[in-house]
Amino acid sequence: MSQAWQRFGWGRFTEVDLFTDRYETNIVSLSQAIRAAASEEPDADGSVLFGHIKGNVVGLRYYKGVVNPGEMVGLVREPQNPYDRNAVMVTNINGNRVGHIKRELAAPMAHIMDNNLAKVEGVVYLGTTNQFNMPVTLSFWGREENKDAVTKSLARHGFKLNMGLVLAKGTGKYNQPGAFATASKKGVTIPLTAEELKNAFDNLFEGLMESKDGEREAAESVGTPLLLHQKQALSWMCARENKSALPPFWEKRGDLYYNTVTCFSAKEVPERVRGGILADDMGLGKTLTTIALILTNFHNGKPLPVEKCEKGYSPMKAATKPLTDSKLEGSSSALDEGARVSDATAASLCSDLPQAEVICVDKPDIVDLTDSSKGKAKATKRKATKVAPKLLDDLDFAAALSGSAAPDTASKKKKTAKKATPASTTAVEVPPIPESAEDLSARATLIICPLSVLSNWLEQFEQHVRANVKLNVYLYYGAERNRSQKFLSSQDVVITTYNVLSTDFGNKSPLHGIRWLRVVLDEGHVVRNPNAQMSKAVLDLKSSRRWILSGTPIQNHVKDLWMLLAFLRVKPFDVKEWWNRVIQRPVTQGDKTGLQNLQTLVKCITLRRTKSTEVNGRLLVSLPDKSIFVEQVELSQQEREEYELARSEGRNTISRYVAEGTMLGNYADVLVILMRLRQHCCHPGLLSKTSPESGAAATPTELRERLIEKLRLVLASGSDEECAVCLESVRLPVITHCAHVYCQPCIAQVICVEKETARCPLCRSEIKTSELVEFPQEEMEEDNGTNSERWRTSSKVQALLGNLLRLRCEDSSIKCLVVSQFTRFLTILETPLREHGFTFVRLDGTMSQKKRTQVIREFQSSAAESPTIMLLSLKAGGVGLNLTAASRVFLMDPAWNPATEEQCIDRCHRLGQTKKVVVTKFIVKDSVEENMVKIQRQKQDLVEKAFGSTSANRKTSRIDDIKALMEL
DNA sequence: ACCGCCGGGTGCC
DNA sequence: ACCGCCGGGTGCC
């Protein structure tokens, strides 16, 4: 049993349902299969080595691409080659053409490559200095079922795949450890043990502080004093932007730069990665550090030149200053100068709201904007005003532009900065990155974040930038956003969301036309699926420096890292093929060298500290204590009877499935049974009014009704259903006859590609377009009709009330989070809270961003009449939510994923919390909830990272889980 | 390419 | 000589 648990990945932070989570890893490979079928790049996972052959690269003398002994080479089909449509070009890692594969071999290779029968990889060991041709070792990788076709195809042309170990001569270097280790075992690798993998992965982001350089004081325009670890982070970030060392795996050898993993060498310094991943735990101040970076490290290491207002600052007054014009342009949705967050900003957060809401503040500006933004005269004028007073008057900036020593003011600032920077670099000195004219012309930093943290950024800019400093922060959001490239690139900071970015992308996006000084991806791990439009939009941004902020950089899988490295342009791993070859496949196959390389890679570009990281024996941040109590709840006699009735019904159904071996096919039914039990534990009002049917559906209409009901239940279960195809939250949900939920477009595509053979990616049942059932739109809205029924209490409600009332007597100032996965439970709780005179607010996933911001502000307020309770839906908000006003948390029902609960608790147990945090989990005695908690505990000890487990294992485990839950 | 291959020149030694 | 041999031209796909 315990072995089975190891197969599951529980590292994800999105709220997941018991079964969805398990499916997740499975889903990934299935959706890969789907994508591969759609002839997109197949993934490295699951490939086996078919064998090697020796080939020849010819035509060397015609091309200037050079290779080193042991170097990996790329093989690129050239179907358009006028001399041979089978042509296969050979390139080095830089993509420079080296030569071609000899025609006879190119013929079968072309066939194999064009039909995606195998991935062919080449390494050159000898003859790299030959004038005309050189040998190359080719290895063929692919899915087992294609092995035969590949072997035959080669044999037809007289080539025989060799399974033996191909030793590297010459350098003695062993460059494809994964490949050759596999070869020697006939395609079966001995992976690292689960324990080794777990340790390796856990350590991937640990101990990254070791040799980071010193600390650095922020520029004086940063009003908030930085904590020690934030100064260290700032120093590290500045260093990475200014004099970043060679990228991972590069060494200087004589006059050349040499990559130790790929064996590629080049005369020129490899393009350095200006930026990296700041992966500090949440609450350590990534936002503040980033703001400090923006203000502290402009060109040539000088602070960002900013205009200062000598007198007390007022956003409204500033409108009379010379810069008004450019400011006016954006101010309807821009932050007003100085990053003051005005109500206008808050309003602009919700451009999708009725216009009246947006216009409520700053009416004149909006009017101004709408009829001026297209005026030519206006644009010219804007340019003039911008350049004159704002930029050229600034001596720092002038100095930065000319590259000469700054006049007085600047050097003074420099001194302050220097003073606090102890002789910093211990690492080998690498010359500062010379900034090209193009680089120097970049001014603005683009910050992309999820909508949920947008307001946080605005608040933090307001909070941390000195009041007399005029920082141009523009919020690029809302229908009225200013799309002028001139305007945007003249800002200091432009903030936008991933959604806006990808909406703009491909639609003459101004954001993509600008060369940014810096692009910052906040919560960078949200960009995960490389096929998504969002990823493409992000990768296409032009910038000198790139940063990823993330509290959880690896969520489940090595795969997730590719996107990050590609964004940072860590060569050559930004090219998927090299990433797969050098890192992903070796790691997924449990190869130690691969893992080491991955570790090195991550270490080089990442700074990560956790709340428990110590510096000089001190914790980075000392948070107040947190204690977690479990409060057992006894059901009343009536509740117990109802529960037992449902349980025995459910057990009967499930044991029938177990006996028939059809549990997986009846996944949704099982889910529904378990959810009913969970609902019984909370409150009878959660149970759906329609009685559970049994037996086969008599009519198609009946079946349809039943499926819709299932879909409704799945969606309402509080689990954030992820579409198994696109891996995003389900949009336009449809349910299959086998009762699995997908995005309509996603599953439609699957069916379209696979035609008659289409099968459900989750359970492999046959599926047809005609059988997909959509969720009727009108029902998407939460039915509020339940309130009319007379209200009834439940044991759990009573338990909560007891706590709340006691607490109010003891200390009425204490604020509480009341958390449930069932939003309907939150609704039910409203009645008794109101009855007992509690003031409360509610935050759930259905609320608009504006409403959320307002609710959080209300709750965080320390005013006497401010609410003391927040009813919080577990899935609402996500990371980054700051609810430090609360110091008590009541978890009304256990989550399947313990990490979700942790994350929720961390919303108040984070930086800024001054009180001890007390968490109470309500668990109904002798119920499915208790079993869930047991399972949670086992999971926590055995976090598995989606390596090496087979879907067969997972399926068995899933069945075991359900059996355990039902005590079968 | 210090090869192989092609095709023209040549033809006992 | 419908050959052999020589030596120049040539050379990725």
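Values in this document were obtained by computation on a predicted structure and should not be read as measured data. Labels below follow one simple rule: chain letters A, B, ... track the order of the sequence lines, proteins then strands, and each chain is numbered from 1.
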Please state the C1' separation for the pair dC13(C) and dC2(B) - nearest whole angstrom. 26 Å

When all nucleic acid strands are considered with a 4.0 Å heavy-atom cut-off, which category describes Asp84(A): base, sugar-phosphate, or nothing? sugar-phosphate

What pairs of nitrogen or oxygen atoms, one from the protein and one from nucleotides 2-5 of chain B, lie under 3.5 Å apart?
none

Name the one of Arg274(A), Arg272(A), Arg545(A), Arg546(A) that satisfies salt bridge (Lys or Arg N to Asp or Glu O under 4.0 Å) with Glu241(A)? Arg545(A)

Can you tell me how far C1' in dC5(C) sits from the matching atom in dA1(C), rounded to whole Å? 12 Å

State, to 0.1 Å, how close Asn116(A) and Asn146(A) come at their nearest heavy-atom pair, and which atoms those are. O-ND2, 4.0 Å

Residue matched to dC3(C) through Watson-Crick or wobble contacts both under 3.5 angstrom: dG11(B)

Between the base of dC12(C) and the ring of Tyr62(A) - centre-to-centre under 5.5 Å, planes within under 30° - is that a stack? yes

Distance-minimising heavy-atom pair for Gln485(A) and Ile514(A): O-CD1, 3.8 Å

Is there a side-chain contact between Trp547(A) and Arg240(A), using heavy atoms and a 4.5 Å cut-off? yes

Taking the side chain as every heavy atom from C-beta outward, state whether Phe140(A) and Leu49(A) have any atom pair closer than 4.5 Å. no

Over all strands shown, is Leu60(A) touching base, sugar-phosphate only, or nothing at heavy-atom distances under 4.0 angstrom? nothing

Quick one: Asn86(A) CG to dC13(C) P, roughly how many Å, whole number? 12 Å

Output the rounded distance in Å from CZ (Arg61(A)) to P (dC12(C)). 6 Å

Would you tabulate the side-chain donor-acceptor contacts of residues 96-109 of chain A under 3.5 Å, counting partners in other chains and residues two or more places apart, or write 'none'?
from, atom 1, to, atom 2, distance (Å)
Arg97(A), NH1, Glu78(A), OE2, 3.0
His100(A), NE2, Glu78(A), OE1, 2.7
Arg103(A), NH2, Tyr83(A), O, 2.9

Indicate whether Phe132(A) forms a stack on dG11(C); treat it as stacked only if centroid distance is below 5.5 angstrom and interplanar angle below 30 degrees. no

